[in-house]
Amino acid sequence: MAINWKKKFNPSVLVKKIDEIRMLDGDSVSFKGFRYDQYITALKSMIAIEEDLSSETKQSLILVGFHEASKKKNLTQSEIMSSVKNAVREYKNKPAQPYSLLTTLNIEWRSNLSGFHINGCYLRFSKYLPKKYRESRGKAIVDVTSWLIDQDEPFSYYISAHVKSKSEYEAVNKMLDAIDLLRGIWNLNESKLFVRRFGNGKKKPINRITLGALHTLHKKNGSLAADVYWYETDHYKNHAKVDFSKNQTLLFTEKVRKKLKLSKYKAEIESGIIRYVRALDSLDYNAAFIKLWSVLEYLTFTLGENYDKTIKRTRFHFDEGDYHKQILEHLRQYRNRFVHAGTGTNDIDTQIYQLKYYVEILLSFHIFNSLRFNSLEEASKFMDLKPSIDVLKEQISLCKSAIKYLQ
């Protein structure tokens, strides 16, 4: 279990500050003043937990460990570390509990949706709010009416995700990942058309298939599993309903899932699809553009690399490489201008659809190629080859000569 203080931090400085506001009363502890939150936020950043857990779960376990350590007579960084390790150990030994996540999708009722098993989650669809969730879902909506929604979007499909997990946060992350993976595949097929929007009206999400505003977490009996709600910050009301009965989206979904099942780097491709769909949920197109550029870097395995490599690997997929190099360079400069100067342009719609096209080409390559790459990195290095049959034949000849020479 790898849990350590991160480098470049000196936790003893912060521990001393916390100890100054700590008040012990038998087995209970409290903190005076208003600096507790500032100190604890910084403390959470200082500890690295190298376990396959969500960031929210890691943060909560650090907090649990800290509070146990703070009950001791002497608060030290070694006591905190020991208590955090113990909290993680106890968490890992907990039995998994069943959880369900309920939300809506803007899909026409006439669409015939069956269930999906995705990465340990089961997704079930219903045209009506399932009876076991009605009371608890109603209570949640009352709680958020003043700032989010006062009812579920009429005539939307309900989707409930089901999984066993050791914590609420882990459960929610797994279920939303499963839902967004499915949504990502659907939107790959549904959101291909470029739609120019004129005027200064509120923009719609580029994704045609989006989640409802509120996601509620439930126990097995249907009651709320937490007093925390998950919601879409960029929820767009009255989004057009998508009718799956009139297109090939479900057949496309089946085809993609069969290909993913055969892939040796399935999890990495799925992560790319999830990143893609979440980027295009945003109503702020400049923010969506930045997220989508990050997806382009991810799919070319060039995160943290020189952007020239990102462009080189992307243009590999096109006959007119010189032309696409110009467009990609134009998009790169737009990205840099917005990040560094905070200035966008009025034609952001065009820019984001240009970038979206390249991301979708790369996703299609990773999903549908039959070259049996072992990883995203290996597949991306393949893109470093010259996209010329004559040049590749010459390189093959040179490699054969080199093998003969070395033998």
Side-chain angles (χ1 to χ4, degrees), residues 184-185 188-189 191-192 194 252 255-276 279-280 289-337 339 350-407:
I185 296 171
L188 269 173
N189 192 64
S191 305
K192 293 185 180 300
F194 169 54
F252 176 77
K255 183 179 178 182
V256 170
R257 295 198 69 207
K258 284 181 178 178
K259 285 290 186 180
L260 287 174
K261 190 175 181 180
L262 296 172
S263 175
K264 294 182 179 179
Y265 61 110
K266 171 177 176 282
E268 291 177 291
I269 302 173
E270 290 180 343
S271 179
I273 295 172
I274 293 169
R275 290 173 183 228
Y276 157 83
L280 296 177
F289 183 95
I290 300 303
K291 292 177 183 177
L292 204 57
W293 181 271
S294 178
V295 180
L296 189 76
E297 292 179 288
Y298 174 81
L299 294 172
T300 53
F301 205 79
T302 54
L303 287 168
E305 298 274 356
N306 188 297
Y307 290 152
D308 289 339
K309 184 179 285 189
T310 307
I311 292 173
K312 177 185 176 184
R313 288 182 173 179
T314 303
R315 66 178 289 213
F316 170 83
H317 299 276
F318 301 94
D319 292 334
E320 295 182 288
D322 289 340
Y323 164 73
H324 289 284
K325 180 181 179 182
Q326 305 311 307
I327 302 302
L328 287 160
E329 180 62 35
H330 145 70
L331 294 173
R332 185 255 293 268
Q333 292 197 17
Y334 180 87
R335 180 259 176 209
N336 288 347
R337 184 167 67 250
V339 168
T350 304
Q351 325 271 11
I352 198 166
Y353 272 95
Q354 285 178 316
L355 181 55
K356 175 177 175 288
Y357 169 70
Y358 290 113
V359 169
E360 288 171 349
I361 289 293
L362 285 162
L363 280 172
S364 295
F365 165 74
H366 286 298
I367 293 168
F368 294 111
N369 83 76
S370 56
L371 300 174
R372 306 296 289 164
F373 296 114
N374 290 305
S375 66
L376 181 67
E377 180 179 12
E378 186 178 303
S380 298
K381 286 181 178 178
F382 172 77
M383 303 175 208
D384 288 332
L385 297 172
K386 290 285 185 181
S388 163
I389 292 176
D390 290 338
V391 171
L392 291 173
K393 285 180 177 179
E394 184 180 340
Q395 289 178 340
I396 290 171
S397 178
L398 286 171
C399 288
K400 286 181 178 179
S401 299
I403 290 171
K404 286 181 180 180
Y405 173 77
L406 293 171
Q407 286 177 335

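As a basis for the values below, the full set of heavy atoms in this structure was taken, side chains included, without hydrogen atoms, waters or symmetry mates.
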With L355, the side-chain contact (heavy atoms from CB on, under 4.5 Å) member among T350, L292, V295: L292

Excluding sequence neighbours, so at least two apart, what forms salt bridge (charged side-chain N to carboxylate O under 4.0 Å, His left out) with [X]?
X	result
R335	none
K309	E305
D322	R315
K381	E377

side-chain contact (heavy atoms from CB on, under 4.5 Å) partners for D319, two or more places apart: none

side-chain contact (heavy atoms from CB on, under 4.5 Å) partners of N369, counting only residues at least two apart: Y265, F365, L371, F373

Would you say that [X] contacts [Y] through its side chain, given a criterion of any heavy-atom pair below 4.5 Å between the two side chains?
X	Y	result
R372	K264	yes
L188	V256	no
F318	I361	yes
F316	R313	no

Any pair counted as side-chain hydrogen bond (donor to acceptor under 3.5 Å, both in side chains), so long as it reaches residues 324-333, sequence neighbours left out: D308-R332, H324-Y358, E329-R332, E329-Q333, H330-Q351, H330-Q354

Y307 and W293 aromatic centres sub-6.0 Å: yes

Could you measure the distance from the [atom1] atom of [X] to the [atom2] atom of [Y]? Nearest 0.5 Å is fine.
X	Y	atom1	atom2	result
T314	L362	OG1	CG	5.0 Å
F368	I269	CZ	CD1	10.0 Å
F382	D384	CZ	CG	10.5 Å
I311	N306	CD1	CG	8.5 Å
N336	L331	CG	CG	11.0 Å
I352	K291	CD1	NZ	10.0 Å

H317: partners by side-chain hydrogen bond (donor to acceptor under 3.5 Å, both in side chains), with sequence neighbours left out: none

side-chain hydrogen bond (donor to acceptor under 3.5 Å, both in side chains) against K266, all qualifying residues, sequence neighbours excluded: N119, E270

Return a table of donor-acceptor pairs under 3.5 angstrom between the side chains of residues 391-407 and protein atoms on other chains or two or more places apart.
residue : atom : partner : partner atom : Å
S401    : OG   : S397    : O            : 3.1

More than 12 heavy atoms from other groups under 6.0 Å of CG on L262: yes

Just distance, no hydrogens or angles: give the donor-acceptor pairs under 3.5 Å from side chains in residues 297-304, sequence neighbours left out.
residue : atom : partner : partner atom : Å
Y298    : OH   : E268    : O            : 2.7
T300    : OG1  : L296    : O            : 2.8
T300    : OG1  : E297    : O            : 3.1
T300    : OG1  : T302    : OG1          : 2.7
T302    : OG1  : E297    : O            : 3.3
T302    : OG1  : T310    : OG1          : 2.7

Side-chain donor or acceptor of S271 paired with backbone N/O of A267 under 3.5 Å: no

